Amino acid sequence: MFSNKPSVHVPTVVTRLTWRYVLICTLFCVAVFAIVSVRLKASALKRIDQVLEDELREFADLYAVEGITGLTAEFERETRATGAEELFCRLLSPQGNVLLSSDLSRWAGIHEQLAAVRFLSRPNQVGFATLYPDSHPLNARLASINLDGKGILQLGMSLLRENRSHQRTRRILIAGSLLMILLSTCAGLLIARQAMAGVRRVTRTVGDIRRDNLYQRVPPGSEGLEINELADAFNRMLQRIETLIEEIKDVSDNVAHDLRSPITRMRGIAETTLTGPQDSDAYREMGLTILEECDRLTEMINTMLEISRCESGAFEMNRETINLTDLLNGAVELFHPVAEEQNIRLRSDLPNIPLTIRGDKSRLQRVIANLLDNALKYTPTGGTVELTCRKETDRIQVDVRDSGIGIAPAETDRIFERFYRCEKSRSTPGNGLGLSLAKTVIDAHGGTLQVRSVPNEGSVFTVTLPSG
Ligand code: ADP
């Protein structure tokens, strides 16, 4: 059994959509944060390297012109102007011995770091390294230049200021990302709620529909095409259910009606037998009537069951290759005596060659018999009934034509419904199931059964079947 209670563990679509939206937004923010952060750092470092290199080249030029004396004065001037904890300079011999150095007292632990710097062997080669001295909470950038083999000039710069500005940027980025995630949560929730509003409306309306107000329909809304399509699908389904329920109601009414008459008749007979002793002929007559009524009822019930089985696909068709020409000739032969008795001309125009189809022989025989039976039943004395058959490209067409009472245009669509009997023919014996069964059988064979009729002139029932 299906429960109509929503499961408590299943998250709503709104929740899922919001989470997904937030997740996507978070990933996007993290990616943007990482890219911006890395690029900012790289461009800052590039700028610093450029400043250091320019300064180094100036020192190198000065050294070339003024020698170590000029360089000593410049070292002092630079460190004083910038601050001894911000900048340091060194001149090394080609062997790596320190020839000249600015004040390194504020740079604790720098010597070990400097000792580990890769030595520049190529003349005029410029190299960069990042140092992590103990004295500086963050790091420092070192640029070195090989003075044409005459020594190494080094210039170091604290990255403290850069790092601080980088941290500030990072904080702004994090705050921006968090704000964006928060906004995206609200936006996601709003969008998901709006998207689902239409579904909720459809669910509410469908939920309100009960047995007694099946005519109700989901009205079109402005939420979007998909929701209108969903509403349309529901409306079509409701229409089908309504039609089905109407049909079931009609069928039950008709069954009740058709059962009442024979049962009333049988009850009347039973009452008569109880009123007093009857002669044996009367008893015989009563027995025969009861038998007839029982046969009629049994046939009706069997036909109904057969229609249900065919419709539900539960019946087994004994498919075989059938010579349709033979089957039609047999049917004409069978109905000749009936036609003669009613003084109706029964003609046939059938091909001389065998026309084969794949189908259920006995069921198809029953269909043709029903159509011929109807044609003879609803054609007055002196009329004509004609059976013709011809082969089209991949189909075979069988026509049963009569010059009978015909069918009113308003009723032609209804004659295939179960128990439907036309106004004009209600006094003729019948149960209104024959055509319904015929159509179901022909449909199951992949064919069609149609009618064209003119009241008081006659009708043509056309069966088409795929040739096999
Ligand atoms: P029935 O047992 O009443 O003949 P059918 O299902 O065979 O049941 O036919 C349904 C109704 O269609 C009939 O009651 C009759 O009113 C109409 N009908 C069927 N065939 C013909 C026909 N050849 N000419 C006129 N009316 C027909």
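Whatever order the structure lists them in is the order used to number ligands and atoms, beginning at 1. Atom set for the values below is all heavy atoms of this structure, side chains included, hydrogens, waters and symmetry mates excluded. Since we're looking at a predicted model, the values are computed, not measured.
In Tyr420, the part holding a heavy atom less than 4.0 Å from any atom of ligand 1 is the backbone. At a 4.0 Å heavy-atom cut-off, ligand 1 does not touch Val400 at all. Contacts with ligand 1 closer than 4.0 Å are made by side-chain heavy atoms of Asp402 only, the backbone lying farther away. Contacts between Cys422 and ligand 1, counted as non-hydrogen atom pairs separated by less than 4.0 Å, involve both the backbone and the side chain. With a heavy-atom cut-off of 4.0 Å, Arg426 does not touch ligand 1 at all.
For ligand 1, the atoms sitting less than 4.0 Å from at least one non-hydrogen atom of Asn370 are 7 (O), numbered in the order shown with element in parentheses. Residue Leu435 approaches ligand 1 through these ligand atoms, each under 4.0 Å from one of its heavy atoms: 5 (P), 6 (O), 7 (O), 9 (O), 10 (C), 12 (O), 19 (C). Of all atoms in ligand 1, listed by their number and element, those nearer than 4.0 Å to a heavy atom of Gly406 are 25 (C). Heavy-atom proximity to Leu433, at under 4.0 Å, picks out these atoms of ligand 1: 6 (O), 8 (O). Against a heavy-atom cut-off of under 4.0 Å, Ser459 is close to the following atoms of ligand 1: 24 (N). The ligand atoms of ligand 1 that sit less than 4.0 angstrom from a heavy atom of Lys377 are 1 (P), 2 (O), 4 (O).
Heavy-atom separations between Phe461 and ligand 1 include at least one value shorter than 4.0 Å.
Salt-bridge check for Glu411 with Lys424: failed, with every basic side-chain N at 4.0 Å or more from each acidic carboxylate O. At a threshold of 4.0 Å, the pair Asp443-Lys439 counts as salt-bridged, since one of the basic side-chain nitrogens sits closer than that to a carboxylate oxygen. Looking at Arg217 and Glu242, a side-chain N of the basic residue comes within less than 4.0 Å of a carboxylate O on the acidic one, giving a salt bridge. Under the 4.0 Å criterion applied to side-chain N and carboxylate O atoms, Glu246 and Lys249 are not assigned as salt-bridge partners. Arg296 has no carboxylate O lying under 4.0 Å from a charged side-chain N of Glu292, or vice versa, which leaves the two without a salt bridge. Looking at Arg414 and Glu417, a side-chain N of the basic residue comes within less than 4.0 Å of a carboxylate O on the acidic one, giving a salt bridge. A salt bridge is defined here as a Lys NZ or Arg NE, NH1 or NH2 lying under 4.0 Å from an Asp or Glu carboxylate O, and Arg161 with Glu86 meets this definition.
Protein heavy atom at the shortest distance from atom 3 (O) of ligand 1 is Arg421 NE, 2.7 Å. Given atom 27 (C) of ligand 1, the protein heavy atom at minimum distance is Tyr378 CD1, 3.5 Å. Scanning the protein for heavy atoms near atom 16 (O) of ligand 1, the closest one is Ser425 OG, 2.4 Å. Among protein heavy atoms, atom 12 (O) of ligand 1 sits closest to Ile415 CG2, 3.4 Å. Nearest protein heavy-atom neighbour of atom 26 (N) of ligand 1: Ile407 CG1, 3.4 Å. Of the protein's non-hydrogen atoms, Asn374 ND2, 2.7 Å is the one closest to atom 7 (O) of ligand 1. When hydrogens are left out, the protein atom nearest atom 2 (O) of ligand 1 is Asn431 N, 3.1 Å; that is the closest non-hydrogen contact.
Counting only N and O atoms by type, the side chains of Thr15 and Thr12 include a donor and acceptor under 3.5 Å apart. In summary, the side chains of Asp399 and Gln397 do present a donor paired with an acceptor at a separation below 3.5 Å, with no hydrogens or angles considered.
Geometrically, ligand 1 and Gly430 share no nitrogen or oxygen pair separated by less than 3.5 Å. Considering backbone and side-chain N/O of Gly432, one or more are found under 3.5 Å from N/O of ligand 1.
Residues Ala44 and Glu162 approach most closely at CB-OE1, 3.6 Å, considering heavy atoms.
A distance of 7.5 Å separates CD1 of Ile415 from OG of Ser453, quoted to the nearest 0.5 Å. Separation of atoms CZ (Phe234) and OG1 (Thr203) is listed at 6.5 Å; rounding is to 0.5 Å. Distance check, rounded to the nearest 0.5 Å: CG of Leu355 to CD1 of Ile322 gives 12.0 Å.
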